[in-house]
Amino acid sequence: MVIRALTLSLIFLICSSIDLVAKERDLKMAIVLVGVGEIDQEVVKVLKGDLNKIFGKQVWVGKGMPEPHYAFNKKREQYLSTVILNALMNEKEYKASEKILGIVDHDLYVPELNFVFGEASQRVAVISLTRLRQEFYNLPQDQSLFHKRALTEAVHELGHTYGLGHCGDPRCVMFFSNRLTDTDRKGSEFCTKCKSKLR
Ligand SMILES: [Zn+2]
Ligand SMILES: [Zn+2]
């Protein structure tokens with residue numbers, strides 16, 4: 001009986017240490033926020049705290065990058081998001097296990113769309129803050145709505161870097177946002193299906 005109890009507690013001990021190692025490894029697989037050009041530091045601070053809670057990963061703020069003049073399209077007066085993604089991908093200072101979220105305050109586009117709120121490829125993502133402000137639509141400023149939208153877009157693009165595709169549930173953060181009303185309706189939470197895929 002004593003031996004059985006000892007064996008059981010030994011198994012428990014091994015399991016909990018395996019769990020601890022997994023948790024530690026998880027924490028090391030951090031999310032890095034990188035401002036590309038001049039960025040509102042308040043929103044970066046909010047994102048840092050909220051993304052840590054949502055993904056359970058360490059979130060840190062990386063060294064900012066210069067204004068992305070190289071991505072500017074004079075004709076469209078917008079910035080090509082794919083080119084900014086590539087610039088982030090080529091940054092050598094981040095580890096392969098880290099997810100990189102670039103934050104830009106310029107209007108982004110890809111050739112086949114009028115604009116994009118963000119884009120992701122492999123472990124790198126980028127979001128634009130420009131269309132998330134009420135002022136962009138000539139409406140009075142609303143900081144808490146702006147922060148909520150930034151979080152929704154950040155979680156969506158990071159969701160892609162964790163291998164999630166678009167979700168058909170209009171209330172899930174992984175639903176594709178065609179317009180701002182989609183972003184506002186869905187909010188920053190994953191549906192049960194996406195949440196389980198994330199784990
Ligand atoms: Zn998407
Ligand atoms: Zn979903």
Side-chain angles (χ1 to χ4, degrees), residues 26 29-37 39 43-44 46-48 50-57 59 62 65 68 71 73 76 78-91 94 97-133 136-137 145-199:
D26 242 28
M29 281 157 51
I31 294 169
V32 190
L33 306 180
V34 181
V36 184
I39 295 298
V43 76
V44 175
V46 173
L47 285 178
K48 186 175 186 278
D50 289 348
L51 291 172
N52 167 262
K53 278 184 220 143
I54 292 171
F55 288 96
K57 310 273 180 198
V59 181
M65 283 168 64
N73 181 318
R76 294 186 58 138
Q78 288 174 304
Y79 291 72
L80 182 57
S81 68
T82 319
V83 176
I84 301 175
L85 266 188
N86 289 340
L88 284 160
M89 233 176 253
N90 290 334
E91 280 292 302
Y94 307 116
S97 58
E98 287 169 328
K99 309 288 187 194
I100 318 296
L101 178 70
I103 306 166
V104 186
D105 207 346
H106 296 294
D107 197 20
L108 297 179
Y109 80 98
V110 291
E112 56 275 12
L113 294 171
N114 289 344
F115 74 90
V116 287
F117 290 118
E119 193 186 348
S121 174
Q122 296 162 43
R123 63 183 190 93
V124 180
V126 64
I127 59 163
S128 163
L129 301 175
T130 307
R131 286 178 189 257
L132 307 180
R133 289 190 187 86
F136 185 84
Y137 309 92
L145 185 57
F146 169 57
H147 290 161
K148 185 176 168 261
R149 287 168 175 169
L151 180 66
T152 302
E153 291 310 323
V155 174
H156 178 96
E157 297 307 338
L158 282 168
H160 285 316
T161 69
Y162 285 103
L164 294 180
H166 285 146
C167 176
D169 181 348
R171 306 225 163 251
C172 171
V173 69
M174 292 316 292
F175 186 81
F176 175 71
S177 277
N178 225 340
R179 51 187 77 84
L180 205 56
T181 45
D182 294 324
T183 306
D184 288 343
R185 183 196 52 246
K186 68 184 187 181
S188 58
E189 288 192 22
F190 292 101
C191 72
T192 339
K193 256 191 197 167
C194 289
K195 205 181 264 177
S196 66
K197 276 188 213 159
L198 197 64
R199 301 236 156 92

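Each ligand, and each atom within it, is numbered from 1 in the order the structure gives.
The Zn ion (ligand 1) lies closest to atom NE2 when only the N/O/S atoms of H160 are considered.
A distance of 5.5 Å separates SG in C194 from CG in L164, rounded to the nearest 0.5 Å. Rounded to the nearest 0.5 Å, atoms CZ (R185) and CZ (R179) are 9.0 Å apart.
Checked by atom type, the side-chain pair K186/T152 shows no donor-acceptor distance below 3.5 Å.
Angle SG(C167) to the Zn ion (ligand 2) to SG(C191): 110° [nearest 10 degrees]. The Zn ion (ligand 2) forms the vertex of an angle spanning SG of C194 and SG of C172; to the nearest 10 degrees it equals 110°.
Distance alone, capped at 3.5 Å, is enough to place a donor-acceptor pair between the R123 side chain and the E98 backbone.
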